[in-house]
Amino acid sequence: MALTDAAATARAAGEISYDELPDFVIETPRDKTHGDFAANLALLLARQARQSPRNIAAAIVRHLERPQPGVARVEVAGPGFINFTLDNQWLLPVLPAVLAEDDHYGWSNIGQGARVQVEFVSANPTGLLHMGNARGAALGDSIANLLTAVGYDVTREFYINDAGNQIENFGLSLEARYLQALGQEAAIPEDGYHGEDLVATVGRFIARYGDKYLDTDPALRREMLVRFALEEKLDAIRRVLEDFGVTYDVWFSEQSLHDSGAVARTIADLEKAGYIYEKDGALWFKATSFGDVKDEVVVRKNGIPTYFAADIAYHRNKFERGFERVINIWGADHHGHVARLKGALQALGYDPRRLEVVLMQLVRLYQGGEILRMSKRTGQYVTLEELIEEVGRDAARYFFVMLKSDSHLEFDLDLARSQSADNPVYYVQYAHARICSILRLARDRGLEIPPAREARLELLQDPAELELIKQIAAWPDTVAGAAQALEPHRLTRFAHDLAGLFHSFYTSCRVLADDPEVRKARLVLVEATRITLRNVLHLLGVTAPERM
RNA sequence: GCGCCUGUAGCUCAGCUGGAUAGAGCAGCGGCCUUCUAAGCCGCGGGCCGCAGGUUCGAAUCCUGCCAGGCGCGCCA
């Protein structure tokens, strides 16, 4: 604001000229020696003013009001940046605020209580969770945490694919295992489920029902088997996800959309809107009307609706439940589905922008330098359960969120198994444990963390101390930015930087110093660091250990 | 063939929505524990940011075209 005034004054004085002030930005420079904030105003004005950016910057700085509160230095630098260096004292009030806000430090109300739904994992309930599901779980849960932190009313949801062809296949496979177990000849369909897990499931089914369904109607037999197996599989999925720190608010059944008539109603409404036509005995949705490359079948020739039809009904249902934003975490292999689904929602009268799809590239597993394929057919894949067992929940969650979702993730199982200190999560957790150790020792000596107002924070003058405070102060903006971009990987970066600054501080400054005033001030700083670190880890779903 | 994603240090990846001399971890080399946890700190080396054009005062970032890899393009989900 002061900058625009200064520019206007400079123009009035005839030192520079422009018609309209461009939209300039004030940002924090990468390089600390460039001050705390930098404005690119002069660079943007160069063309209009027909002067060199440096001259313009100099003119603006000349007309800047001299005594700016909290600003220690203003200078022109580089090609014409105007750099502001803050008075260090300006930073200090953040520390009492951190202690006061505690586990809400960094939170905000950007979302203003708007309801948002995050749907993630939604794995086929016919099997176990694999690495791709694990990445989705870590990403989705952290995104949900982020949105909660910035003031949204968040619902976590798991969509159960308990309808369609795969369930048919599942039933046939279970039936074959059932008949085999009872001494009959039966073959699992070629594209069925060949995993040994079904043998065990059927074993438990027989333990409960015996051969009761041996001579019954096969359709009923399959229905009973499927119901039993799905319940078992879903229980297992729910347990593993809970072990991974993920708890859902809603488990939504695809079948329920068929049972309630929601699918049929949705197709009818699309037809009314003029986006359905018949070809080759099937009903098609005009996805091409919404920029897709081809149309898509919603009802097959045999009269059974497709998965796509159910998905449209499902997403309509989400909006009908009152969610303002609907966020899906999908594997990149589903990307072709995004445009059609948005198109269908638009056809139903919804703003397609309310559906946001976060696509994550697939996870590739390496072991012994070779790629491991994830195949349900061969049954050879690493499950989330195994991953948690071998790597631990914290490392797994941190690792999955550390990368941008659209980067391919190469997961080296050997490295993960080694549980070595190479894993960045230990670096962050170690900082937290170290702080807790200091605070424990202080308490043992009868030294409590003083109320922040009683500490002489202006004693915190060491560069390591000031850098640490700056990072702590940057936390709320980091949360807001990560939430807005739906990019939880920014949190791991922040956590790593914060831990690093703390470790440096720890090396150069002694917290339990002899001088009681310095000690008090540093105890406040360390406590603020602990709170911030814990809050980051909390959003990541990673524990903040007090000892390591 | 068409579409989406990716290509940055030996390896794995950041790069905050176009800024200043492109960063971190690991790997390599050299230092630092009689005082709060060495799972740590400090320093050194290492780069045609896939290639070629374009836009701009300014490009790893935006546009176009190539090249390479991954994934899609079923009346599967």
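Quick note on labels: first sequence line is chain A, next is B, and so on, each numbered from 1.
Using a 4.0 Å heavy-atom criterion, one finds that D280(A) contacts the bases of the nucleic acid, with or without backbone contacts as well. The residue A431(A) sits apart from the nucleic acid: no heavy atom pair falls under 4.0 Å.
Between the NZ atom of K301(A) and the P atom of C76(B) there is a distance of 10 Å, rounded to whole Å. The nearest whole Å value for the distance from the CG atom in L409(A) to the P atom in G7(B) is 14 Å. Atom-to-atom, OH of Y426(A) to C1' of C41(B) comes out at 21 Å; the value is rounded to the nearest Å. Rounded to an integer number of Å, the gap from CZ of F400(A) to C1' of C13(B) is 16 Å. The separation between M131(A) atom CE and G70(B) atom C1' is 17 Å, rounded to whole Å. Atom CG in L441(A) sits roughly 6 Å away from atom C1' in C36(B) (whole-Å rounding). Atoms NE2 (H432(A)) and C1' (G40(B)) sit 17 Å apart, rounded to a whole Å. Protein atom CZ of F399(A) is 11 Å distant from nucleotide atom C1' of G25(B), rounded to whole Å.
Between F252(A) and Y314(A), the ring planes lie tilted relative to each other; the angle falls in the 30° to 60° range. Using a 30° and 60° split on the angle between ring planes, F290(A) and F285(A) fall in the parallel class, below 30°.
The same atom, P, is picked in C41(B) and in G50(B); the two are 30 Å apart, to the nearest Å. For C63(B) and G70(B), the P atoms lie 24 Å apart once the distance is rounded to whole Å. Rounded to a whole angstrom, the distance from the P atom of G72(B) to that of G18(B) is 32 Å. For A38(B) and U34(B), the C1' atoms lie 15 Å apart once the distance is rounded to whole Å. As rounded to the nearest Å, U12(B) and A27(B) have C1' atoms that lie 11 Å from one another. Atom name C1', nucleotides C16(B) and U61(B): the rounded distance is 12 Å, in whole Å. Here the separation of C11(B) from C51(B), taken at their P atoms, is 15 Å to the nearest Å. Only the C1' atoms considered, G10(B) is 10 Å distant from G28(B), to the nearest whole Å.
Each of T492(A), L533(A), D394(A) was compared with V428(A) under the side chain to side chain contact (heavy atoms under 4.5 Å, CB included) criterion, and only L533(A) meets it.
You'll find the side chain of L457(A) stays beyond 4.5 Å of the side chain of L525(A), heavy atoms only.
When each of C5(B), C73(B), A24(B) is scored by its nearest atom to the side-chain atoms of H408(A), the top-ranked nucleotide is C5(B). Set against C41(B), U12(B), G19(B), the side chain of E410(A) has U12(B) as its closest nucleotide. Out of C75(B), A77(B), C71(B), the shortest distance to the side chain of A282(A) is found at C75(B). Listed nucleotides: C75(B), G70(B), A77(B). Nearest to the side chain of Q361(A): G70(B). For A77(A), whose side chain is taken as the heavy atoms from C-beta onward, the closest listed nucleotide among A14(B), A20(B), U37(B) is A20(B). Out of G40(B), U37(B), A77(B), the shortest distance to the side chain of Y427(A) is found at G40(B). The nucleotide whose nearest atom lies closest to any side-chain atom of R510(A) is, among C75(B), C5(B), C36(B), C36(B). The listed nucleotides are A14(B), C75(B), U37(B); the one nearest the side chain of R434(A) is U37(B). The listed nucleotides are C71(B), A77(B), U17(B); the one nearest the side chain of H337(A) is A77(B).
For G15(B), the OP1/OP2 oxygens have a side-chain nitrogen or oxygen of H489(A) closer than 4.0 Å. Within the structure, a side-chain polar atom (N or O) of R300(A) is placed less than 4.0 Å from OP1 or OP2 of A77(B). For A14(B), the OP1/OP2 oxygens have no side-chain nitrogen or oxygen of T492(A) closer than 4.0 Å. T507(A) has no side-chain polar atom (N or O) that falls below the 4.0 Å cut-off from OP1 or OP2 of C41(B). Residue K404(A) has no polar side-chain atom (N or O) positioned under 4.0 Å from OP1 or OP2 of U6(B). Between S407(A) and A14(B) there is a side-chain N or O to OP1 or OP2 distance below 4.0 Å. Note on Y430(A): a side-chain N or O is less than 4.0 Å away from OP1 or OP2 of A39(B). In this structure, R364(A) does not reach the G69(B) phosphate: none of its side-chain N or O atoms is under 4.0 Å from OP1 or OP2. Dashed line: the shortest gap from a side-chain N or O of N165(A) to OP1 or OP2 of C76(B) is under 4.0 Å. Applying the 4.0 Å criterion to OP1 and OP2 of G25(B), one finds that Y398(A) has every side-chain N and O outside that range.
The 5' end of RNA chain B is approached more closely, in terms of each residue's nearest nucleotide, by E487(A) than by the other of L43(A) and E487(A). Nearer to the 5' terminus of RNA chain B, by closest-nucleotide assignment, is the contact made by V293(A) (compared with the other of V293(A) and A485(A)).
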Evaluate the criterion side chain to side chain contact (heavy atoms under 4.5 Å, CB included) for residue pair L355(A) and V357(A); output intermediate values, then yes/no. CA-CA 7 Å; L355(A) 169 65; V357(A) 180; 4.1 Å; yes
Kindly indicate, with the supporting measurements, whether the criterion ring pair (Phe, Tyr, Trp, His ring centres under 6.0 Å) is fulfilled by F502(A) and H432(A). CA-CA 9 Å; F502(A) 169 75; H432(A) 186 268; 9.8 Å; no
How would RNA chain B look in dot-bracket form, 5' to 3', counting Watson-Crick and G-U wobble pairs with both distances under 3.5 Å and writing | for bases paired to another strand? (((((((..((((.....[...)))).(((((.......))))).....(((((..]....))))))))))))....
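Look at D197(A) and K233(A) and you find a salt bridge, because one of the NZ, NE, NH1 or NH2 atoms lies within 4.0 Å of a carboxylate O, short of that distance. Electrostatic pairing of R340(A) and D292(A) counts as a salt bridge here, judged by a charged N lying under 4.0 Å from a carboxylate O. Salt-bridge formation is detected for the pair K294(A)/E296(A): a Lys NZ or Arg NE/NH1/NH2 atom is positioned less than 4.0 Å from an Asp or Glu carboxylate oxygen. By the 4.0 Å N-to-carboxylate-O rule, E119(A) lies close enough to K318(A) to be salt-bridged with it.
The base of A20(B) sits within donor-acceptor range of the side chain of N83(A), with an N or O pair under 3.5 Å. Between the side chain of H335(A) and the base of G3(B) there is at least one donor-acceptor pair of N/O atoms closer than 3.5 Å.
Taking the O4'-C1'-N9-C4 or O4'-C1'-N1-C2 dihedral as appropriate, U21(B) has a value more than 90° from 0 and is therefore anti. The glycosidic torsion of C33(B) lies within 90° of 0, placing the base in the syn range.
Residue-environment remark: CD (E356(A)) exceeds the threshold of 12 foreign heavy atoms within 6.0 Å.
Residues passing the salt bridge (charged side-chain N to carboxylate O under 4.0 Å, His left out) test with R445(A), sequence neighbours excluded: none.
The aromatic ring of F81(A) sits over the base of A20(B), with ring centres less than 5.5 Å apart and planes tilted by under 30°.
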